[in-house]
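Only this structure's heavy atoms are used, side chains among them; waters, hydrogens and symmetry mates stay out. Note that the structure is predicted; figures quoted are calculated from it, not measured. Lettering follows sequence order; numbering is per chain, from 1.
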Amino acid sequence: MAQKITPRATDYSQWYIDIVINAKLADYAPVKGCMVVRPRGYALWERIQQGLDGLFKATGHVNAYFPLLIPESFIKKEAEHVEGFAPELAVVTHAGGEKLEEPLVIRPTSETIIWSMYKKWIQSYRDLPILINQWCNIIRWEKRTRLFLRTTEFLWQEGHTAHATSAEAEEETLRMLGVYRTFAEEYMAVPVLHGVKTDSEKFAGAVRTYCIEAMMQDRKSLQAGTSHYLGQNFAKAFDVTFQTKDKTLDHVWATSWGASTRLIGAIIMAHSDDKGLVLPPRLAPIEVVIVPIFKNETKDAVVAFARKLRDTLAADFRVLLDEDDQNTPGWKFSEYELQGIPVRLEVGPRDMEKGQVVAVRRDTGEKAFIPVSEAGATLRALMQAIQTSLYQRALKFRTDNTFRARDYAELGKFLDDPGGFVEAGWCGDAACEARVKEETKATIRLLPLDKKETGGVPCVVCGKSARDIAVFGRAY
RNA sequence: CGGGCUGUAGCGCAGUUGGUAGCGCGUUCGGUUCGGGACCGAAAGGCCGGCGGUUCAAACCCGCCCAGCCCGACCA
């Protein structure tokens with residue numbers, strides 16, 4: 001078979017690539033570091049978009065669109081911002097056959113162009129808050145790329161909000177972090193830690209960066225969403241002020257938050273197995289595939305039966321009926337397992353006689369015979385069970401691979417064997433953080449938001465009293 | 001951007017001391033099949049990643065470039 005998935009145990013990286021390519025989620029593009037999102041990958045992205053967009057709208061946000069091209073001078077206005085992004089910028093220097101007066105940066109993120117506009121739109125506290133999100137593509141020139149996880153161009157959403165007070169902006173930052181957390185856990189079935197980044201890991205231009213982090217099956221961490229409290233940094237850089245209720249002038253307070261097609265990588269690496277993709281029902285573009293099983297003489301009857309079943313289910317489920325008579329049922333079973341469709345229904349002559357169908361779960365392989373009359377209700381329950389089970393399994397995996405290190409030697413030991421998240425005391429000094437990174441390749445993924453008491457433990461590196469319990473891990 | 005591996009039919013690979021390329025799967029056509037990746041027969045499919053060099057002659061030797069993967073440095 002041409003379609004062969006390298007087992008996870010043999011080569012995890014190759015397994016991931018094999019899934020993406022063989023499940024036809026994406027393919028390599030002619031330009032280095034770029035990928036084509038194929039229809040099956042894009043359908044998944046559309047499900048993600050719908051889910052997130054619904055949550056954004058429910059929290060009062062609206063969508064808009066800002067340009068791809070940003071004057072180079074804009075990027076340079078916020079000192080930290082330019083320093084952070086300079087190495088990964090793609091810049092247009094020529095257009096219309098002429099050299100441009102001012103080079104145009106292809107957006108790596110849109111804070112600058114958006115805040116240049118907010119300056120025009122905001123005069124009074126009455127203009128606030130502004131709660132805008134945009135869905136778009138961005139370009140960051142990456143040295144080392146991986147399908148969905150890190151590509152030169154990628155799709156994402158970026159929310160940019162403007163507020164009258166610091167407290168309001170802080171509240172918004174945390175609200176959106178909560179939205180990401182809800183989405184990851186309830187839609188993607190991926191449990192996440194939520195917390196704040198250390199200064200060395202925070203967004204260039206932010207006061208504070210919050211994030212959600214998920215553990216993949218190789219025990220590495222994947223940052224799945226970020227929410228930034230920007231303070232007045234961009235308002236000051238773009239001179240965006242407003243008149244307050246008590247007639248004073250103040251700079252506007254800001255947030256920004258984003259999640260990208262990387263979420264697809266998270267879903268793949270959290271749930272899939274050596275047979276292929278495993279998708280959470282809530283986000284699966286197709287929830288149920290019906291595979292009719294027939295011989296020439298039984299084909300008409302079985303297909304008619306299957307079509308009726310499909311038409312019944314179509315009202316409540318995203319369902320596909322595969323009537324193809326060239327591939328064998330066995331071939332189809334493998335193919336749809338590779339594609340990650342949560343439930344397969346097999347219907348053959350024997351089932352038809354008994355008025356039943358065979359339901360097979362993608363996640364466990366478990367088979368059940370269910371009466372056709374109860375198919376809808378049973379499927380509904382099955383989807384819920386799969387969704388819950390995927391989450392619980394991922395949560396157990398994370399719990400089983402989260403450790404508490406008492407000293408530096410233990411930190412290194414846990415990171416190497418078996419790997420995973422390691423909680424340890426941290427004094428807050430960047431030097432201690434840097435030493436861990438240098439010597440173990442692990443970073444502080446976050447400082448948990450639901451703060452754990454340090455209990456008087458020392459910093460795992462220097463031994464001074466710890467300010468926080470930090471979560472260390474190797475990351476994508 | 002450094003170190004390593006790889007690049008030959010759509011995919012996976014073979015190709016001897018340099019002599020203009022082969023296997024499996026897939027594809028197309030015909031037929032038989034069909035409850036876990038079916039079988040028989042026939043056929044199509046190649047600028048050997050690209051450019052340059054050595055040679056009477058290069059998939060093979062040399063140089064440069066490009067791409068992919070892995071390991072580092074940098075990042076969603």
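Under the rule for a side chain to side chain contact (heavy atoms under 4.5 Å, CB included), A:Ala434 has no partner lying at least two apart in sequence or in another chain. The side chain to side chain contact (heavy atoms under 4.5 Å, CB included) test applied to A:Ile132 returns A:Val62, A:Ala64, A:Phe66, A:Tyr118, A:Trp121, A:Ile130, not counting sequence neighbours. In this structure A:Arg307 satisfies the salt bridge (charged side-chain N to carboxylate O under 4.0 Å, His left out) test together with A:Glu323, sequence neighbours excluded. The side chain to side chain contact (heavy atoms under 4.5 Å, CB included) test applied to A:Ala214 returns A:Val190, A:Val192, A:Met216, not counting sequence neighbours. Legend: residues meeting side chain to side chain contact (heavy atoms under 4.5 Å, CB included) with A:Leu395, ordered by chain and number and at least two apart, are A:Pro191, A:Tyr391, A:Gln392, A:Arg398, A:Thr399. Applying the salt bridge (charged side-chain N to carboxylate O under 4.0 Å, His left out) criterion to A:Arg318, with sequence neighbours excluded, gives A:Glu287.
Checking each of A:Glu172, A:Gln157, A:His160 against A:His61 for a side chain to side chain donor-acceptor pair (under 3.5 Å) leaves exactly one that passes, namely A:Glu172.
Closest approach to the A:Glu335 side chain among B:G35, B:G37, B:A76 is made by B:G37 (side chain taken as heavy atoms from C-beta onward).
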Under 3.5 Å, which N/O atoms of the protein pair with N/O atoms of nucleotides 70-74 of chain B?
unit_1 : atom_1 : unit_2   : atom_2 : d
B:C70  : OP1    : A:Ser13  : OG     : 3.1
B:C70  : OP1    : A:Arg146 : NH1    : 3.1
B:C71  : OP2    : A:Arg144 : NH2    : 2.6
B:A73  : OP1    : A:Lys441 : NZ     : 2.6

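Residues of residues 279-303 of chain A that place a heavy atom closer than 4.0 Å to RNA chain B, in numerical order, are A:Ile293, A:Phe294, A:Lys295, A:Asn296.
Residue A:Ser334 places no side-chain N or O under 4.0 Å from the OP1 or OP2 atom of B:G37.
One donor-acceptor pair, N or O on each side, does fall under 3.5 Å between the base of B:G35 and the side chain of A:Asp351.
Within the structure, the salt bridge (Lys or Arg N to Asp or Glu O under 4.0 Å) test picks out the following pairs touching residues 136-145 of chain A (sequence neighbours left out): A:Glu142-A:Arg150.
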